[in-house]
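Just so you know, ligand 1 is whichever comes first in the structure, and atom 1 is the first atom listed for that ligand.
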Amino acid sequence: MLILGIETSCDETAAAVVADGRRVLSSVVATQFEVHAQYGGVVPELAARRHLESILPVIQGALDQAGVSGPEIDGLAVTQGPGLIGALVIGMAVGKALALAWNRPLVGVHHLQAHILAAFLTENPPEFPFVALVVSGGHTNLYQVHDFQQMTLLGRSRDDAAGEAFDKVAKLLRLGYPGGVIIEKLAAQGNPEAFHLPRPRIPEEPLTFSFSGLKTAVAHQVTKNPEILTNLSVQADLAAGFQEAVVDSLVSRAFLALDSAKATRLVVSGGVAANGRLRQVLQDKAAADGIALFLPPLSLCTDNAAMVAAAGYYRLLAGERLDMSADVFSRG
Ligand code: KG4
Ligand code: ZN
């Protein structure tokens, strides 16, 4: 069964063809970072316009790379939310139009579920149940995952998402956008012990994350000592200290969630899961604690449409269909 996935929730225009929810035949991602870089963050209006320009060539590229024609597709899956409304509606409109033109079923996919189900596009997919940590630009959520559709939220961030914190700190240090990759590179040359940054905990909510205090602590260091902005080695130390604090927060809560859910399998996905330091610490801790860790490759961690096609496959199998009047949603 061939599924065409379409993803336009934020600043990547993506399309992919996936066979049987498992084999990626093609995955095309058109990033827009050059559009948003000068503003230090995603500008929703510009994102929507760029999606409109890119979506049809990206879909054509995905079909061509997979070596299939449109009508050979058995079904379509489109990200319905959460995300930027103006961006989501472009993918939704195109998904509906193609479903009608080719007379094929269409399903709507939850973006965070898609991030989790990216783990099924790897050689060694997890068995249910497992705990999943989704760490992206918009979310830091912990779930207990029962099957392809049912997931219980165990914890989330009460303020900034982890990726958002990376982006904001990069902006504070005047490093550019998107922040995750830039901070990771700089942190590799820094000493994570040089600055002691907070690791906020909420005792009565042990699985709740909080990153805004960390961002404020970095801002405070910069205000106290503006030379940081011009001294690359101090900047690297601050980046390393920040990254270590985020990694600590993420890893400690993920393992606490495994404990409280009595689970032995952990999936970590979303853009921040591309971070090398996070992957290393997770691998070490999983090996020490006897936890089976599932980390999709980088291209499946950051936004892509293969994960949308995979998530859509199980919805189509379950008989779900999207009504032609269905709308997108921004939160949830
Ligand atoms: O999942 P994603 O591609 O899009 C959303 O759904 O938000 O995640 C994007 C986020 C951005 O905040 C970006 O800075 C962060 O993931 N990110 C990283 C890395 N690569 C991307 N954060 C830390 N280290 C990375 N290597
Ligand atoms: Zn995402």
Where on [X] is there a heavy atom closer than 4.0 Å to ligand 1, on the side chain, on the backbone, on both, or on neither?
X	value
H111	side chain
E12	neither
D167	side chain

task: Quick one: the NE2 of H111, the Zn ion (ligand 2), OD1 of D303 angle, rounded to 10°, please.
output: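 If I round to 10°, I get 100°.
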Looking at [X], I want to see if its [atom1] is surrounded by more than 12 non-hydrogen atoms of other residues, nucleotides or ligands under 6.0 Å.
X	atom1	answer
H220	NE2	no
N103	CG	no
E123	CD	no
F128	CZ	yes

message: Ring of F255, cation from K285 - is the NZ or CZ under 6.0 Å from the centre and inside 45° of the axis?
response: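 Relative to the ring axis of F255, which defines the angle, K285 lies inside both limits.
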- request: Would you check whether G270 has a nitrogen or oxygen atom less than 3.5 angstrom from a nitrogen or oxygen atom of ligand 1?
  value: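 Not met; the criterion fails.
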query: So is there a nitrogen or oxygen of T302 less than 3.5 Å from a nitrogen or oxygen in ligand 1?
result: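 In fact, backbone or side chain, T302 has no N or O that close.
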Please write down residue, atom name and distance for the protein heavy atom closest to [atom].
atom	answer
atom 24 (N) of ligand 1	N275 ND2, 3.0 Å
atom 5 (C) of ligand 1	D303 OD2, 3.4 Å
atom 26 (N) of ligand 1	E184 OE1, 2.8 Å
atom 22 (N) of ligand 1	G180 CA, 3.3 Å
atom 9 (C) of ligand 1	G137 N, 3.7 Å
atom 17 (N) of ligand 1	G271 O, 3.5 Å

Gap separating the CZ atom of F209 from the OG atom of S249, nearest 0.5 angstrom: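 With rounding to 0.5 Å, CZ (F209) is 7.0 Å from OG (S249).
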- request: Output the distance between atom OG1 (T302) and atom CD (E12), rounded to the nearest 0.5 Å.
  value: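 Reported value, rounded in 0.5 Å steps: 6.5 Å.
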message: Using a 4.0 Å cut-off to any heavy atom of G138, which atoms of ligand 1 qualify?
response: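 In order of number, 7 (O).
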message: Closer than 4.0 Å to some heavy atom of H115 - which atoms of ligand 1 meet that?
response: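 Listed by number with element, the hits are 1 (O), 6 (O).
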message: Would a single hydrophobic cluster contain both V78 and V17, if residues Ile, Leu, Val, Met, Phe, Trp and Tyr are joined by side-chain heavy-atom contacts under 4.5 Å?
response: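 V17 clusters together with V78.
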query: Run the salt bridge (Lys or Arg N to Asp or Glu O under 4.0 Å) check on R49 and E53 step by step: do they pass?
result: CA-CA 7 Å; R49 292 167 76 166; E53 287 166 16; over 6 Å; no
task: Just do the ring-ring contact (aromatic ring centres under 6.0 Å, His included) check on Y143 and F130 with the steps written out, would you?
output: CA-CA 8 Å; Y143 295 93; F130 56 83; over 10 Å; no
- request: Give a yes/no answer: is there an N/O/S atom of H115 under 2.8 Å from the Zn ion (ligand 2)?
  value: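 Yes, since at least one N, O or S atom of H115 sits under 2.8 Å from the Zn ion (ligand 2).
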